[in-house]
Amino acid sequence: MALPLHDATTSPSDPDDLGGAAGGGEEEEERLAAKPLLSSPSTSPSAGTEEGVEELELDRRYAPYARRDAYGAMGRGPLGGAGAARLAVGAAVLFPLRLAVGVLVLVAYYLVCRVCTLRVEEEEEREGGGGGAAGEGEGKGYARLEGWRREGVVRCGRALARAMLFVFGFYWIREYDCRFPYAEDEHQEQSKELGRPGAVVSNHVSYVDILYHMSSSFPSFVAKRESKTSDFKGVSGAVTERIQRAHQQKNSPMMLLFPEGTTTNGDYLLPFKTGAFLAKAPVKPVILRYPYKRFSPAWDSMSGARHVFLLLCQFVNNLEVIHLPVYYPSEQEKEDPKLYANNVRKLMAVEGNLILSDLGLAEKRVYHAALNGNNSLPRALHQKDD
């Protein structure tokens, strides 16, 4: 598939990384250790202009993770009289109301899942003779459900995910289908010949991303417990198998993967891990953007609890989605997952007007450490993912 290319700096990714795991290594630590770690503006010994200069330099160096909304990097910026009044009204009215309705939505989905999966494991054990059927089914997620059970989980799941987005203030979602007229005929022929995509690959901006994808296509996810299956294939093998299964079988759900491996402020696109591209199957690229005026829904540099609080206190939140055509890899891309990943990344950057960056999760930890006044680089680098 021909791509519009432009000059960009990229960095290779670990083929065994799936997008949720952190990079690192001794070379990465040495490279980061060579950079002077700036002190946090809140703990700077100086005040006035020097503090502002340090803050600007920190945001410039770690631009993909820097917040530029009214609330500042840690969500504690000065708001002014009107902003403080708006936040107070949201905290008194919107937050408790939305929190209560959100809990009800979660309870409703839990009950749906309980009803639709009732006695499923017993039936599987009877059919499989109890020989490890439960372990295999666990890796397939709701794909093992059939008939009314599957319909109930999918339909209710999509509806309740959209309801949760509404609760969060995303009343309208603008969606755009990006088509390439010069390749439309070729795309139709390829879709018939090469089959459906095995995975949805998306940029990662917020936890809200997952709610949108659940409301849109209700994909499957990978769980860490799948790395402990009896065949010891690990997460990489499980993901590859499930992508291939979704590509080959119409009833299998596509997988959702965030190849960047962490969130950004929404203006940048980080290097892609290759886990989504090892299966050699077509992928469906999706680009998410969150336009804002005061508070950015991007979850980049503040605590989760504070971010949820501010998100629920905002009267209206906006989301724009760009659906790109299914990307069918060439033979060269199938044999080289890094090439496949980089070409999809460049296409998403061009069509989504995103800036390519060579930073990763390790730099994000350094940035967070600096914001929190912690200049201990090794500790920032060695924190493990949840």
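Position 1 is the first residue of the sequence, and the numbers go up from there.
When hydrophobic clusters are built by joining Ile, Leu, Val, Met, Phe, Trp and Tyr residues whose side-chain heavy atoms come closer than 4.5 Å, directly or via intermediates, Ile173 is grouped together with Phe218. Put simply, Val112 and Leu104 are part of two different groups of oily side chains (I, L, V, M, F, W, Y) that touch within less than 4.5 Å, one to the next. Put simply, Leu111 and Val103 are part of the same group of oily side chains (I, L, V, M, F, W, Y) that touch within less than 4.5 Å, one to the next. Cluster membership check: Tyr171 does not share its hydrophobic cluster with Val101, using side-chain heavy-atom separations under 4.5 Å among Ile, Leu, Val, Met, Phe, Trp and Tyr. The hydrophobic clustering, which links ILVMFWY residues whose side-chain heavy atoms are closer than 4.5 Å, places Tyr109 and Val115 apart.
The heavy-atom pair separating Ser206 from His307 by the smallest distance is OG-CE1, 4.4 Å. Nearest heavy atoms, Val239 versus Gly275: CG1-O, 4.0 Å. The two residues Leu359 and Pro271 make their nearest non-hydrogen contact at O-CD, 3.1 Å. Listed here is the closest heavy atom pair of Ser215 and Arg158: O-NE, 3.2 Å. Across all their heavy atoms, Gly198 and Ala246 have their closest contact at O-CB, 3.6 Å. Nearest approach of Thr262 to Lys364, heavy atoms of both residues: OG1-NZ, 3.0 Å.
Side chains of Tyr176 and Glu351: no donor on one and acceptor on the other come within 3.5 Å. There is no side-chain donor-acceptor pair under 3.5 Å between Thr117 and Arg149. With hydrogens and angles left out, the side-chain atoms of His368 and Tyr65 include no donor and acceptor closer than 3.5 Å. Side chains of Tyr268 and Glu260: no donor on one and acceptor on the other come within 3.5 Å. Of the N and O atoms on the side chains of Asp209 and His204, at least one donor lies less than 3.5 Å from an acceptor on the other residue.
Counting heavy atoms from C-beta outward, Leu269 and Ser357 have side chains that stay 4.5 Å or more apart. Contact check for Tyr367 versus Asp300: no side-chain heavy atoms found under the 4.5 Å cut-off. Tyr290 has its side chain within reach of Val205: a pair of non-hydrogen atoms, C-beta onward, lies under 4.5 Å apart.
A salt bridge is defined here as a Lys NZ or Arg NE, NH1 or NH2 lying under 4.0 Å from an Asp or Glu carboxylate O, and Glu335 with Lys280 meets this definition. With respect to Arg294 and Asp69, no salt bridge is recorded, no charged nitrogen being found less than 4.0 Å from a carboxylate O.
When atom types are taken as modelled, the side chain of Asp336 and the backbone of Gln332 share no donor-acceptor pair closer than 3.5 angstrom.
Figure legend: Arg86 and Phe295 shown without cation-pi pairing, the cationic atom not lying both under 6.0 angstrom from the six-membered ring centre and within 45 degrees of its axis.
Going from atom CZ of Arg306 over to atom OH of Tyr71 covers 9.0 Å, rounded to the nearest 0.5 Å. Note that CZ of Arg174 and CD1 of Ile322 are 12.5 Å apart. Values are rounded to the nearest 0.5 Å. Here Met214 contributes atom CE and Leu256 contributes atom CG; the two are 10.0 Å apart, rounded to the nearest 0.5 Å. Here Leu165 contributes atom CG and Leu211 contributes atom CG; the two are 5.0 Å apart, rounded to the nearest 0.5 Å. Considering CE of Met164 and CZ of Arg98, their distance stands at 12.5 Å, rounded to 0.5 Å. The CG atom of Leu270 sits 9.5 Å away from atom CG of Asn203, with the distance rounded to the nearest 0.5 Å.
Using bins of under 30°, 30° to 60° and over 60° for the plane-to-plane angle, the ring pair His323/Tyr212 lands in the tilted bin. Taking the six-membered ring where the residue is Trp, Tyr207 and Phe168 present perpendicular rings, their angle passing 60° and hence far from 30°.
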Quiz prompt | side-chain contact (heavy atoms from CB on, under 4.5 Å) assessment of Asp267 paired with Leu354 | solution = CA-CA 5 Å; Asp267 296 328; Leu354 301 173; 5.7 Å; no

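No more than 12 heavy atoms of other residues, nucleotides or ligands sit less than 6.0 Å from atom CH2 of Trp172.
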